[in-house]
Structure formats: C-alpha cells, structure tokens
A.B. asks: 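The structure is given below, and queries will be raised subsequently.
Below, read A as the first sequence line, B as the second, and so on, with proteins coming before strands; counting in each chain starts at 1.
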2 protein chains.
Amino acid sequence: MSLSHALLGLLAVEPASGYALTKSFELSLGRYAWHAGHTSIYPELGRLAERGLVEVTSEGARGSRTYAVTPAGREELRSWLLQPPKQSGKVRNEEVLRMFLLSALDPADAKIVLGHVAESTAAAAAGLREIRAAHEGSSFRGPEGFGQLAAEFGLRQYEAVHEWAVWAMAQLEGDQTTNSPA
Amino acid sequence: MSLSHALLGLLAVEPASGYALTKSFELSLGRYAWHAGHTSIYPELGRLAERGLVEVTSEGARGSRTYAVTPAGREELRSWLLQPPKQSGKVRNEEVLRMFLLSALDPADAKIVLGHVAESTAAAAAGLREIRAAHEGSSFRGPEGFGQLAAEFGLRQYEAVHEWAVWAMAQLEGDQTTNSPA
DNA sequence: GACCCCATGTAAGACGTTACATGATTGT
DNA sequence: ACAATCATGTAACGTCTTACATGGGGTC
C-alpha cells in the first residue's frame, strides 16, 4: 500500500501530527498523487508506529501527537523510492479518464469539454507560477524545498495538458471540415 | 463510480465483450486513466445492463456476450463528460507519488531516481510517437481515432515529465554545489 | 491429445469512504 | 458565550483485489 510511503515521505521532510498530514493531503499530495482522508491516515500512522517506522516524538494540546520517521522508516522510504517499479502501478484519475473518453462525444461537445480543460489548466498553472515565484532562490532540500520540485512537476503537467487541449480543439475543427460528410 | 463511465465510453466507440474490455484496460485506459480487472468489469457490465445503459447485442463462442451502449447510456456518458467536475476527484498514482516524495531523498539518490524517470519517459514517448505516425492523416472520430487524442495526450505528458526530470537533475546539481555547506 | 488463449464467474478478505461522534482550544 | 477550527476516533457499508474455479475453442 502506497499510503504508508506517502506518510513516510511527508514525515521524512518534517515531523507532523495526523491532522497536519491530513491537511497536506488535502492541499498538495492528494490533488496530484495520492488521495487519503483522516480516517485512513490515523490508523495507518498507528500501524507504521507498530512496525517501528515512525514514532511519536511529542504530544501537544488537544491530544495531538507529533510523529517523526525513525531511521528504519527512512530506510524503508529510500528503498521504495529507489527500487525501479517492476510494472506500472494501478492508476485512478477521473480527470484523465474524461480526456481519454472524449472521442466518444461528437466534436461540438468535445470542444466544449476541451474548452473547460484549457481554462482550468491555465488557471491552475498560473497559481503554481505564483507559488514558484515566492520560493525563488531557496534550496531544494528541507521543508521549504519540498514543494518546489513537486510544484514544478505540477506546473509542467498543467502546461502540457493545456497545450494538448488547445491542440485537440484545433484538430477537431480541422477534422470536422475535412473529414465529415457534407 | 467512474468504472461505469469508463465502460460506457469504451462501448460508445464500439461494442465489445467483457473480455475485450478487460484487454482495453490492460493495454491503454488502465495505464493512464483508470485501472480495473475483469472481476470488477463483469459485474459492472451486469449492473449497467440492469440500469438499461448497455445491452447484449450478440452472443458468440465460448459464452461471450457483446455489449453495446443504449441511447440512455450514451446520454448518461455525455452528461458525465460535459458536467464540469465540481471538485477535483480522488487521484491515485504511485509513479507521481514517487516524484512528489523525491525531496525526502538526498540529492545523489534523487538523481538516480530522476535518471530512471528520464529514461523510461523517453522510451514511452518514443513508443507513442510510433503509434501516432501509424495513424497519421486519419479522422479523429470512430474506433480508429479513439486512440489518437489519447495517444497525443499521453505523449505530451511523457514529454513534460521527461523534461521535468532533466530539469530537476540539473537543479539538484546546482543546488548541491551552491547551497550545501562546505 | 496437449496446450494455450478465450471468456466468464464466485467468494474471502483487505481496503477505503461515508457518516457519526467527541471534546479541546482559539478567536470574537 | 458562540462559532470555527483543531484533533482524533469508531462503525457500517461499499468497493477492489486476490485466489480459485470452470469450460469452450483453436492450433500443432
């Protein structure tokens, strides 16, 4: 299960509570890479603690527990990241699914959808460019840098999808006039 | 559940058996957009048939049943594709997760992983370029065209990730010499 | 006849989502 | 005081995965 590695990865950057991790999933990780809610995260933290991969380093107000990775956890994370994935994993992404099924629509409808995609990806890319500008010049390691490689990754994805959507609209335009009967 | 829409989408392009749909998932859809095995697909086809969104149009050898979308199914698919997603759905992608957690590694290890990524994305992109060349000039609708928008989508994604990986390696290089102590 | 692929199915268990629930602390 | 947010947890339900199971049809 990848949830465990997602948690190890976040905790490897800096210790956090289950609640804080839940927020991280909502704001960044969960949007692009791996979704999880607090009802999955809390029990998983417990299991990781049992396996000795994380530990509670402090307890704060309202019963909050701050977790940190142990050396064993860091090693587990490292080997998971370094091992080349044997075969492509199991992907689930509703947005991408929509894009794959576009050909099932007639061109007029497809262009409507592509227009929405072009808009939303442009907006998302603009947002990430602001984030990137805010972090300019800082190092790529540590909590600060954590988001940087990821943000650039997301930005380039959005740009690619945006350009694809624009391209696809143009193709459908041409296809409609060239290939459709009368 | 998006599996139902994935099936409607594939069947909207051309009728197929559960077995053939399973193959489609293995070869294309499942790699990028939505994973599912035959043990999910068969029961779901049954449920779609009960709801009148698909129907069995013929039965062939070895008990195979060919399904096709009904007009109601086509309408359901259309409205699902056209409705702008209210809020970003639940994404799961182990590859992307790895990329997001790279900052948890030290730069030397991160560069190894990025090297693998750069290689595999280059290979995948090359494969898709061949597919694209094979389909050049044909229409974007119908079974032939189905893969074209999708293939181009995949190609641009791979190219974007490849360029990101190359960029990230260069950044880590610079970061190591500029920002690390001593 | 042997083997491989086609084609579908069932069932146990793991996993995840949704809804419900509780209480502490902070801000106004 | 009140509301919002912090912080965690339980339980029921639904979905998915894994393993097992069966038999027809084509090919050598």
Side-chain angles (χ1 to χ4, degrees), chain A residues 1-7 10-11 15-27 29-31 33-51 54-68 85-94 97, chain B residues 1-7 10-11 15-27 29-31 33-51 54-68 85-94 97:
Chain A
M1 193 188 3
S2 298
L3 174 55
S4 55
H5 296 108
L7 291 170
L10 289 175
L11 292 176
S17 67
Y19 186 86
L21 290 166
T22 303
K23 292 291 170 189
S24 291
F25 273 86
E26 276 171 23
L27 296 174
L29 249 205
R31 294 198 178 285
W34 203 268
H35 171 270
H38 81 278
T39 52
S40 304
I41 292 169
Y42 287 122
E44 186 62 32
L45 283 171
R47 286 189 287 266
L48 288 170
E50 270 177 36
R51 292 166 57 196
V54 303
E55 61 187 357
V56 176
T57 53
S58 75
E59 311 204 358
R62 278 161 289 188
S64 85
R65 292 182 295 278
T66 301
Y67 289 88
K86 1 143 210 292
Q87 53 179 19
S88 57
K90 290 160 187 180
V91 169
R92 296 228 154 139
N93 187 325
E94 194 172 306
L97 178 59
Chain B
M1 194 191 359
S2 297
L3 173 57
S4 55
H5 296 109
L7 291 171
L10 289 175
L11 292 177
S17 67
Y19 186 85
L21 290 166
T22 303
K23 292 289 169 189
S24 290
F25 273 86
E26 276 171 23
L27 296 173
L29 250 204
R31 295 198 176 286
W34 203 268
H35 171 270
H38 81 278
T39 54
S40 305
I41 291 169
Y42 288 121
E44 185 63 31
L45 284 171
R47 285 189 288 267
L48 287 170
E50 271 178 34
R51 292 166 58 197
V54 303
E55 59 187 358
V56 176
T57 53
S58 74
E59 311 203 358
R62 279 160 286 188
S64 85
R65 293 182 293 278
T66 301
Y67 289 88
K86 348 129 221 308
Q87 55 179 18
S88 56
K90 291 159 185 180
V91 169
R92 296 228 153 140
N93 188 326
E94 196 175 303
L97 177 59

A.B. asks: May I have the distance from B:K23 (atom NZ) to C:dA7 (atom P), rounded to whole angstrom?
C.D. replies: 10 Å

A.B. asks: Quickly work out the A:R65 CZ to C:dA24 P distance and round it to whole Å.
C.D. replies: 16 Å

A.B. asks: Which nucleotide wins on minimum distance to the side chain of B:Y19, given the candidates D:dT17, C:dT18, C:dT8?
C.D. replies: C:dT8

A.B. asks: Can you tell me how far C1' of D:dC16 sits from CD of B:E44, to the nearest Å?
C.D. replies: 12 Å

A.B. asks: Without decimals, in angstroms, what is the distance between B:H38 NE2 and D:dT22 P?
C.D. replies: 14 Å

A.B. asks: Within the 4.0 Å heavy-atom criterion, would you say B:S64 contacts the bases, only the backbone, or no part of the nucleic acid?
C.D. replies: sugar-phosphate

A.B. asks: Run the side-chain contact (heavy atoms from CB on, under 4.5 Å) test on B:N93 and A:N93 for me, step by step, so that the C-alpha distance in whole Å, both residues' side-chain angles and the decisive distance to 0.1 Å come before the verdict.
C.D. replies: CA-CA 8 Å; B:N93 188 326; A:N93 187 325; over 6 Å; no

A.B. asks: Rounded to the Å, how far apart are B:H5 NE2 and D:dT15 C1'?
C.D. replies: 16 Å

A.B. asks: Any side-chain N or O of B:K90 under 4.0 Å from OP1/OP2 of C:dT18?
C.D. replies: yes

A.B. asks: Base, sugar-phosphate, or nothing for B:T39, non-hydrogen atoms under 4.0 angstrom?
C.D. replies: base

A.B. asks: Going by modelled atom types, is there a donor-acceptor pair between the base of C:dT8 and the side chain of B:S17 at under 3.5 Å?
C.D. replies: no

A.B. asks: On DNA chain C, compare the nucleotides closest to A:W34 and B:R62; which residue's is nearer the 5' end?
C.D. replies: B:R62

A.B. asks: Could you give the CZ-to-P distance, from B:F25 to D:dC16, as a whole number of Å?
C.D. replies: 11 Å

A.B. asks: Tell me whether the OP1 or OP2 atom of C:dC15 has a side-chain N or O from B:R92 closer than 4.0 Å.
C.D. replies: no

A.B. asks: Less than 4.0 angstrom between a side-chain N/O of B:Y42 and OP1 or OP2 of C:dG9, yes or no?
C.D. replies: no

A.B. asks: Between A:S58 (side chain) and A:T66 (backbone), is there a donor-acceptor pair under 3.5 Å?
C.D. replies: no

A.B. asks: Roughly how many Å is it from CZ in B:R47 to P in C:dG9, rounded to a whole number?
C.D. replies: 12 Å

A.B. asks: Run B:R92 and A:H35 through side-chain contact (heavy atoms from CB on, under 4.5 Å) and show every step you take.
C.D. replies: CA-CA 6 Å; B:R92 296 228 153 140; A:H35 171 270; 4.2 Å; yes

A.B. asks: Salt bridge check, A:R47 against A:E50: does any charged N sit closer than 4.0 Å to a carboxylate O?
C.D. replies: no

A.B. asks: In whole angstroms, how far is the C1' atom of C:dT25 from the CD atom of A:E59?
C.D. replies: 17 Å

A.B. asks: Apply the test side-chain contact (heavy atoms from CB on, under 4.5 Å) to residues A:L21 and A:L45: give CA-CA distance (whole Å), side-chain angles for both, the deciding distance (0.1 Å), then the verdict.
C.D. replies: CA-CA 10 Å; A:L21 290 166; A:L45 283 171; 3.9 Å; yes

A.B. asks: Compare the minimum distances between each of D:dG25, C:dT25, D:dT17 and the side chain of B:H35, then state the nucleotide with the smallest one.
C.D. replies: D:dT17

